[in-house]
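A short write-up of the structure that comes next.
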Amino acid sequence: MPLPKSEVVVRTAGAAGDGIAATGETFAKVCSRSGLHVFAYNSYQSVIRGGFVWLQVRAGRTKVQSHGAGTDFLIALNSRELERHANDVVKGGGILYNKDKVKPKPGLIRDDITQYALPVLDITAKHGKNPILQNTVALGALVKILKIDFSVLSGVLSDTFGSRKKAALEANLAVSQAGYEYAETFETVDFALDLDYNTRRPVMTGNQALALGAVAAGCKFYAAYPMTPASSILHWLAATSTRTGILVKQAEDEIAVLNMAIGAAFAGVRSMVGTSGGGFSLMSEAIGLAGQTETPVVIISSQRGGPSTGLPTKTEQADLFQALGASQGDYPKIVLAPSTVDDCFSSIVEAFNLAEKFQVPVIVLSDLYLSEHMESLDGIDLDFSIERGEFAKPDVGSIDSKNGFKRYAFTESGVSPRSFPGRAGTVFQASSDEHDDAANIISDVFTDEEMRTRMFQKRMRKMERILPELAPPRLEGKNAADLTLIGWGSTYGMIREAVSTLGEEGMTLNHLHIKYMLPFHAKQVKEILESCRNTLTVESNYTGQLSRLIRMETGFDIKHQLLKYDGEPFYPGQIITKVREVNN
Amino acid sequence: MPLPKSEVVVRTAGAAGDGIAATGETFAKVCSRSGLHVFAYNSYQSVIRGGFVWLQVRAGRTKVQSHGAGTDFLIALNSRELERHANDVVKGGGILYNKDKVKPKPGLIRDDITQYALPVLDITAKHGKNPILQNTVALGALVKILKIDFSVLSGVLSDTFGSRKKAALEANLAVSQAGYEYAETFETVDFALDLDYNTRRPVMTGNQALALGAVAAGCKFYAAYPMTPASSILHWLAATSTRTGILVKQAEDEIAVLNMAIGAAFAGVRSMVGTSGGGFSLMSEAIGLAGQTETPVVIISSQRGGPSTGLPTKTEQADLFQALGASQGDYPKIVLAPSTVDDCFSSIVEAFNLAEKFQVPVIVLSDLYLSEHMESLDGIDLDFSIERGEFAKPDVGSIDSKNGFKRYAFTESGVSPRSFPGRAGTVFQASSDEHDDAANIISDVFTDEEMRTRMFQKRMRKMERILPELAPPRLEGKNAADLTLIGWGSTYGMIREAVSTLGEEGMTLNHLHIKYMLPFHAKQVKEILESCRNTLTVESNYTGQLSRLIRMETGFDIKHQLLKYDGEPFYPGQIITKVREVNN
Amino acid sequence: MEIALYKVEAKATWCPGCGDFAVLRALQIALASLELNPKDVVIVSGIGCSSNLPGFLNSYGFHGLHGRAVPVASGIKLANHDLNVIIAGGDGDGYGIGLGHFIHAMRRNLDITYVVMNNQVYGLTTGQAAPTSEKGMLTKSTPQGVLEGPVNPIALALVSGATFVARGFSGDADHLAKLTEDGIKHKGFSLIDIMSPCVTYNRQNTYQWFRERVYRLEEDNHDVLNMDQALKRSREWEDRIPLGIFYKDTKPTYESGEQVLKDMPLVHQPIDRTVELVKELIQDFT
Amino acid sequence: MEIALYKVEAKATWCPGCGDFAVLRALQIALASLELNPKDVVIVSGIGCSSNLPGFLNSYGFHGLHGRAVPVASGIKLANHDLNVIIAGGDGDGYGIGLGHFIHAMRRNLDITYVVMNNQVYGLTTGQAAPTSEKGMLTKSTPQGVLEGPVNPIALALVSGATFVARGFSGDADHLAKLTEDGIKHKGFSLIDIMSPCVTYNRQNTYQWFRERVYRLEEDNHDVLNMDQALKRSREWEDRIPLGIFYKDTKPTYESGEQVLKDMPLVHQPIDRTVELVKELIQDFT
Ligand SMILES: Cc1ncc(C[n+]2csc(CCOP(=O)(O)OP(=O)(O)O)c2C)c(N)n1
Ligand SMILES: Cc1ncc(C[n+]2csc(CCOP(=O)(O)OP(=O)(O)O)c2C)c(N)n1
Ligand code: SF4
Ligand code: SF4
Ligand SMILES: [Mg+2]
Ligand SMILES: [Mg+2]
């Protein structure tokens, strides 16, 4: 990108416990309140204090779809991180550091990089020994360097600390102001960010969007057991519970979590759970229970680096077959994977509608990168409706008698109007055992083979009805391209960026992103792929799970694969390199 | 089959609690000790007393590979069962019943069937009120009708009751003898069974063969939580524990079961668990743990009617993708499916060798029909060896210091020589978190991306090494056939029977049975299938799981599917009908 | 109300003589005498002979997974605390595989009644050792005898915060019906551990065996408010087996402390104004 | 033996001030003073800050799944009962998700020592409520305050058959080292519940908070053989928090009752004559 640049990439690097996440969030909001599009990614480890953490915010005049590569400004919180990251700063960029703590070795910082050595001790002296204030000093300076109005930063700080943390707010305001003022001595930098203080996009993580989607969908019950990278759904929903009216329950384990949610759904409320692979393993038995009892429930599984405990704070997309194969036997279920923060929001609303209309469990597969990265949104799609599916007409007032109600009535669609406890005239027993249409079990005394077959077919018929309700995948970009990039989940933005960067270079590429994993648009995907000249999947796993799914569903053999499983997300650059290689 | 028939099919029908299983076993042994090949299947429900149970024994001069269809003799233990089953008796067959209890409605029993009304009350009067003695009376009569020497029956009874249950033995001997003698009044039947009292094949169920395989393999630890249809592995291993030296532990749940087994394997013994789909769901997290820590363990999952609790006492083959997708992330594991009782035995020996040589979890997929049906064996393959894989040389005598030992050393094969606690010089920590070659975790403080990638590749390299060790699948029957039948697991025998029956009619068919599901012989299977004129899979599930796996692995699209999911096993007749339809 | 109201056509499929018949009947009597409408009652179970109970009784039912009745019931209660939620299941289900849920439920103290048909064996899977089987008991899975000590559900309940802890016996039907009624009436988590003989697989702890040992706490000067006494009694077994209420307490229920349940049960809360709510919440992100 | 023998190069990665440092050191002191060779010691853990402990100590280790340390350790012990098997983990790991295993292990009574670093919070997942969090505690997952009563691990252990039940405190290092040593020496399942403050996420139950409340049982006339007394003391909390051994008992261990372990540990039993064994067993089937 030629100067003046229309976007800026800022990386903060330090250790866990250095307050990097909060600093990043503040800066992201500052950018967004300055009319910029924002994308931020936090690379961290599972240690609580220490370790190697860096957070990168990218902000630009136009939509940004990944956290970017080359860093314009580095905030190095200690010498170790300065050494690790100094060389990632681009020519013309700058490095901010606390000059009392960080002493760059001669030659470490290239000559084409500006050093901003901040006198943190002087600035923070009056405000106690909170080491995290150094970040705020740097923020103040950075805001000045980027020519952003100080009032934006002070506004974000005020909103963050609120009126309840007054002392903290005052200290932060003071030191950021001092940092800002100190930076007036710095040379200015040539950016063309086109600041616009009247546009303020919301900035949130994928998890927050998933949670907000649950609010939109009228979810009333959220159960979870903490697990990275799903925990922040729990945190946000718990924090807002009294405002949203969602009952949030941390249960004793993931088995209880999903069984509780199934109970709540059986009792008539929209209910959801969130976990990651290990917890999903524990839930898997109950997913089959939801399928068999035809209880609607939404299950978020945010994938992280596996196998087993693996890399708990790193991203991966390797739980696709875990979701597809969850629980014994064949039963109807839906697996879908949102790809952007916006999509997280809409996917949950859709997931609830599908779950209730078809009375099936819906698995929403996220991944750490999608769940935890922050993004500014152009606006969330609020034009949705809540569709609860068919209910049996209650026979109000009558004293109830069982088995009159055909809870699992044979219907053409496979969907039988449902009811729930408390309603008159529809008393029934849901059962994990095979049952007849009036919900009597047939496993115990007489396994009526014909009944079994019909009930099985009734359940599975739903899958055929679901598919037409799902938006078929479509090629983005030119129809006739030299190469089609195929992805799922969080790689969406990087692939788009790679496609457009290479497009500018004259390559003709397009992009197929798959959202619905089960049921699968086999016919449409096959047609699309057969029309492609060359194909490349981009996935964060070892075995090429999407390629395998596509071959299973369509027989189509994807030609090339770009696989990454080191825990870090793709960079557009990696995709670009691979595309060049394939296209040679 | 023209008369005189060279095989006989006997069905006993009654309710749970009527002692049908024991009667069936006795009769099966009688046949086997008379030199016949035997195959028996028990169709029952989960109720403990009552319900509709029938057990069918088929015995023949030559190998029998399914429980057969048309019944020659029915032992009807009550009127209800007489009504349900009378019409399944073939022309020229007979029905035995207790004339004091069962009064056939006129016309119910066709004229071409002989009625053997047994005066059970008279016969058993002296022996107390045990209603189950009626079965023994019928057995005595049946043995006589089939012209089997009474001493064979008395021998089996003596061995069954042993010296400890003297009174029961005496009663059984007496009433069976009386039944035998009473039957002397019956017309004899024209069978040509070619009895041979010098040949005695062992008769056992698939589960017993799996258990015996564990004994052969030198398994030392078996943990389980009761679950149909895996429970009888537990029962047999528990009963023989002091003879085999296998420690058998019923744990508090399936999670504990597999974690215990992993602990035992980590400590150096061969260890195994057994369960069915629901329990397998609960185990799935720990399967990934075994993969990640490279701990060898054998997991038997015997499939039953799903989804969820489903049909606990019925057969199905619908847990293939549950096994393939078990646990989050990509990690090395093996999934194999034995197809006959013999194969059960050998598969466990093989599973242990593979598990230990490659330090991976091995999932052995059985199904209710395979696990619970009884079969006579021509002889078990005792020509096996126990291969424990590579061990690190212990550095005996030294006081130990950690991290010297590279437990996960990078090797070309991906297999790193292992060790276990108690050994000097090899102290290390196994970890579910990602780790380096010296077993230090890298998820906590510094996720070395390169180390992560190398360790991942090391683990996965094992999969490439495993495949060549597995016997590639091969077409059984003529190479150029009009139709290839494809199956897995317990359908083996029925498919073979259908193929040979139709072969006698002049059709040219062959048969491909897949044993190794993961890793998969993609190249070989593809080659075979592409050489086939027409293809038909035969599976007990709804979604055609094997077809899907084949398409995923090879891209090959199987043309026809015969799917059954009513809980009962296939009859050769059903396969024959389908083949005729397809070949038209 | 009439007991008949709680009956269904389907006949209970337990073995003749099974203790669970008495438990079913006790529940029917209790529900009738409490005048509860079947539509407002949900019986939740897991898997086991005992867990088939909901199918034999006229009310809503959820017959779920082995060992997971407690969380399902908890979810139901949280979604609609107007319902009368009763858990019915076996000792294997509740004290074996489900033990963790059981204890966490007691410290949670939702207003749920848990009726355990304790036969000290695994019935449905044909007679393996249960966590309640006595040491030394010979079963299919322990032919050398159980090596573990049995769990003590009463004592566990006492130390875990259950507010109504009782033991019943299928051989003492009237007493059982009364206990069941008291348990359902009680606000908070109530445990009724019922010695319910398995006539098929447990030849050791038979009706006769219990009859020779049981006595009623209420006839033995027991103070249900005294935790120390309750704990002492909970350890009685070999010779004297107490029946009745060990301990009773009043503590706020979980649902009464949960703010979002203040106005009405979740299931009745409207979900038609979510767009406004979302718009408001989005402000936090800008 | 020297403590140094139990040290490794890797530095413990806990937050400065974390209670778990004291637990690590207590273990090292205890192992050294018991003269155990690191090769004969296995430390098994689950997942959590505390569960990272095996990586910081020189012995065999198994760092498994969250909540599943107990069954892994049980399997190790059964496979080789010559080993000294110690479980180390957190309160969430052991008393939350792993609660069922914990209780079943106690009634099983394998000779294992369980060291729980109880910080009354989920540390590694950044501060949610634990099963041990006090009622009303504000956490990320309970911003309105925890609504459940805390589990009482000491009481649970007492009623579940543990034969050595003790509480330690990271702020009392010598006492803790001694307790740890006693626990390891004890034949049978020993629980040492250690109040091990999380300085990052639990601002309520701090060192100071404990210092104001703890007292030593051995200095307060406590009889470790008296179950009633132990149970009474196990309920003390608000004002006075007992440290030390609540209860001690001798009962046969599981491994001593298991016939196949009579001669030698499983791992040493030969497996080279299985063909003969199979031939013999096949007789039963003919
Ligand atoms: C996950 C899982 N494991 C095992 C089983 C098999 N199973 C069904 S019932 C049961 C035990 C039942 O015992 P209990 O709860 O005491 O009930 P009872 O039959 O004695 O009344 C078991 C192990 C199952 N259904 N699911
Ligand atoms: C099945 C599963 N669920 C959730 C997690 C996430 N997790 C890791 S540690 C932890 C809690 C740790 O708490 P505790 O055991 O008290 O240890 P501490 O960190 O407080 O020492 C959780 C929930 C996981 N690893 N596995
Ligand atoms: S097996 Fe036992 S518990 Fe089950 S129904 Fe029969 S008597 Fe009752
Ligand atoms: S978060 Fe708490 S428990 Fe974890 S290391 Fe830090 S102080 Fe210790
Ligand atoms: Mg039971
Ligand atoms: Mg903790």
Side-chain angles (χ1 to χ4, degrees), chain A residues 45-47 50-52 276-278 280-282 284-285 288-289 291-293 303 305-314 316 318-319 321-331 432-434 443-447 449 452-453 456 460 541-543 548 551-552 555-557 565-568, chain B residues 45-47 50-52 276-278 280-282 284-285 288-289 291-293 303 305-314 316 318-319 321-331 432-434 443-447 449 452-453 456 460 541-543 548 551-552 555-557 565-568:
Chain A
Q45 286 86 11
S46 67
V47 75
F52 296 79
S276 184
F280 188 88
S281 285
L282 293 172
S284 61
E285 190 190 12
L289 172 67
Q292 172 75 327
T293 56
Q303 301 162 96
S308 201
T309 310
L311 295 174
T313 66
K314 297 293 162 189
E316 201 166 88
D319 302 352
F321 278 86
Q322 184 189 28
L324 295 170
S327 198
Q328 65 276 16
D330 286 321
Y331 61 95
S432 65
D433 279 80
E434 191 58 285
S443 51
D444 192 28
V445 174
F446 174 53
T447 317
E449 292 154 37
R452 154 71 168 182
T453 304
F456 211 127
M460 295 307 287
N541 60 52
Y542 183 96
T543 51
R548 288 171 69 78
R551 194 161 54 207
M552 176 160 82
F556 188 91
D557 218 348
Y565 38 86
D566 63 359
E568 291 299 326
Chain B
Q45 286 84 12
S46 68
V47 73
F52 296 79
S276 184
F280 188 87
S281 284
L282 294 172
S284 61
E285 190 189 12
L289 172 67
Q292 172 74 326
T293 56
Q303 302 160 94
S308 202
T309 310
L311 295 174
T313 64
K314 297 291 162 188
E316 200 167 89
D319 302 353
F321 278 85
Q322 183 189 30
L324 295 171
S327 198
Q328 66 275 16
D330 286 321
Y331 61 95
S432 66
D433 279 80
E434 191 58 286
S443 51
D444 190 29
V445 174
F446 174 52
T447 319
E449 292 154 36
R452 154 72 168 181
T453 304
F456 211 127
M460 295 307 288
N541 60 52
Y542 183 95
T543 50
R548 289 172 68 77
R551 194 161 54 207
M552 175 160 83
F556 188 91
D557 218 349
Y565 38 86
D566 64 359
E568 291 300 325

Point-to-point distance, once rounded to the nearest 0.5 Å, from OG of B:S276 to CD of A:Q328: 7.0 Å
Straight-line distance of A:S284 OG to B:L282 CG, nearest 0.5 Å: 7.0 Å
Residue selection (most heavy-atom pairs with chain A, distance under 4.5 Å) from [options]:
options	value
B:E434, B:E316, B:R452, B:E285	B:R452
B:P307, B:G329, B:A318, B:G325	B:P307
B:A326, B:G50, B:G306	B:G306
B:G288, B:G555, B:G278	B:G278

Shortest non-hydrogen separation from A:G310 to B:Q292 and the atoms involved: CA-NE2, 4.1 Å
Part of [X] within contact of chain B (heavy atom distance under 4.5 Å):
X	result
A:L324	neither
A:E568	side chain
A:N541	both
A:F280	neither
A:R551	both

Flag the pair [X] / [Y] as yes when at least one side-chain heavy-atom distance between them is below 4.5 Å, and no otherwise.
X	Y	result
B:D433	A:P312	yes
A:S327	B:D319	no
B:T453	A:Y565	yes
B:D444	A:Q45	no

Residue from B:T313, B:L311, B:V47, B:T309 passing side chain to side chain contact (heavy atoms under 4.5 Å, CB included) with A:S443: B:L311
Residue selection (most heavy-atom pairs with chain B, distance under 4.5 Å) from A:T447, A:V445, A:D557: A:V445
Chain B interface, residue from A:A323, A:G51, A:S308, A:G567 that has the most non-hydrogen pairs under 4.5 Å: A:S308
salt_bridge(A:E449, B:K314) N-O dist < 4.0 Å: no
B:Y542 backbone acceptor or donor facing A:D330 side chain under 3.5 Å: yes
